[in-house]
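All remarks here apply to the structure that follows.
As the structure lists them, so they are numbered: ligands from 1, and atoms in each ligand from 1.
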Amino acid sequence: MMRHFACVVVIVLSAATLAGQSRTAKALNIYVVDVEGGNATLFVSPTGESLLIDTGNAGAGAVRDATRIMEAARDAGLSKIDYLIITHWHGDHYGGLAELAARIPIAHFIDHGPNVQPAQAADDFLRDTYPKLHAKATHTVAKVGETLGLKGVQVRIVTTAGQVLPSPLPGAGSANPYCANFKPGDNNAEDPQSVGSLITFGRFRAVHFGDLTKNKEFELMCPSNRIGTVDVLLGLHHGQDTSNSEVLVHALKPRVAVMNNGTRKGGLPEVMRTVYTSPRFEDLWQIHFSVLSGQEYTTPGLFIANGIDDQPSTMPIAPVPLPAPGPNTPPPPAHDGPAHWIKVAAQEDGSFTVTNARNGFSKTYGVVPK
Ligand SMILES: [Zn+2]
Ligand SMILES: [Zn+2]
């Protein structure tokens, strides 16, 4: 009898060891994966249920990005993805999906509906590949206001297909003082369609808006703030200046932002100024250093998860101007080697710890009055 009991204990212990090296128990764990200026953000509830928002890049980056997402899924001890949200039909968001789906089962696919920005690759993917990927799973089109059925963690859709939450959430709805100085901004047809989510775990609140642009931020946040305040702002459209207006960032009052920028994508001076001047703001964490920030605007290296394959010993002080797009544009500094995530471990009391997997630097943000 004793021998039998000991055997059971050994099995339980080894299973616990396999199920995650850095996933924090009793926490909502959020892995912001480096997909080179695309998006892939994995949420894992305390009971091991999961939501993945986006799947990284298409083309040459798809295998690399799916592999990096799988490293996070393995760290969290996942054997399947319960919910996948594709925020919109750009290659840096849906691109790694076919590669990922070949590596791990996905139970429920969510998107904003048809592509509205005709593009050969996205249209081919939606006609030929996507239906096969979700054929044996559940596939739904997101609706504003709906919540996903994760246990213990509430995920509420607040924007999709150009629609925004029509009325304030409970406790929200105060006048937004930043609306008076709003400067419009837009860029293409698909970014404003982004599926935006509010993720709540006890008193902890985080948002991820995909690549939602300024004009939609205004619709969501003006004249009254329909969301309230948040602890963590995720994504930030890679730190692009067609998003991240003060009506959104300053009114949400995040304590922490985690930016999914690339080596030469986002981290733009205007966005950095907006983030650093936001009320209540404590720290910006970045998936990459960006040459577009220069030392003038960059966050300290402690808070940056990735460099480049051929890392220079110094960084220019002035931001490097974005080269004009065209066939002769040099590629951005490459980072195809080992990559590191930024992990947020959130507690139900609203406190949370952010960790940079590259250098192990970690900081805990304690409970504050809402
Ligand atoms: Zn990288
Ligand atoms: Zn994007």
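At a cut-off of 2.8 Å, D191 does not coordinate the Zn ion (ligand 2) through any N, O or S atom. The Zn ion (ligand 2) has an N, O or S atom of H238 inside 2.8 Å of it. Taking backbone and side-chain atoms together, H93 has an N/O/S atom less than 2.8 Å away from the Zn ion (ligand 2).
For the pair NE2 of H288 and ND1 of H335, the angle at the Zn ion (ligand 1) is about 120°; rounding is to 10 degrees. The angle subtended at the Zn ion (ligand 1) by OD2 of D34 and OE2 of E36 is 100°, given to the nearest 10°.
Among the heteroatoms counted here (N, O or S) of D92, OD2 is the one nearest to the Zn ion (ligand 2). Take the N/O/S atoms of D211: the one nearest the Zn ion (ligand 2) is OD2.
Using modelled atom types, one side-chain atom of D309 and one backbone atom of D336 make a donor-acceptor pair closer than 3.5 Å. Using modelled atom types, one side-chain atom of E146 and one backbone atom of K143 make a donor-acceptor pair closer than 3.5 Å.
Checked for salt-bridge contact, R68 and E36 meet the test: a charged N lies under 4.0 Å from a carboxylate O.
H139 has its ring centre less than 6.0 Å from the ring centre of Y130. Note: H335 and H288 meet the aromatic proximity criterion, with ring centroids under 6.0 Å apart.
For the pair E99 and T67, the minimum side-chain heavy-atom distance is 4.5 Å or more.
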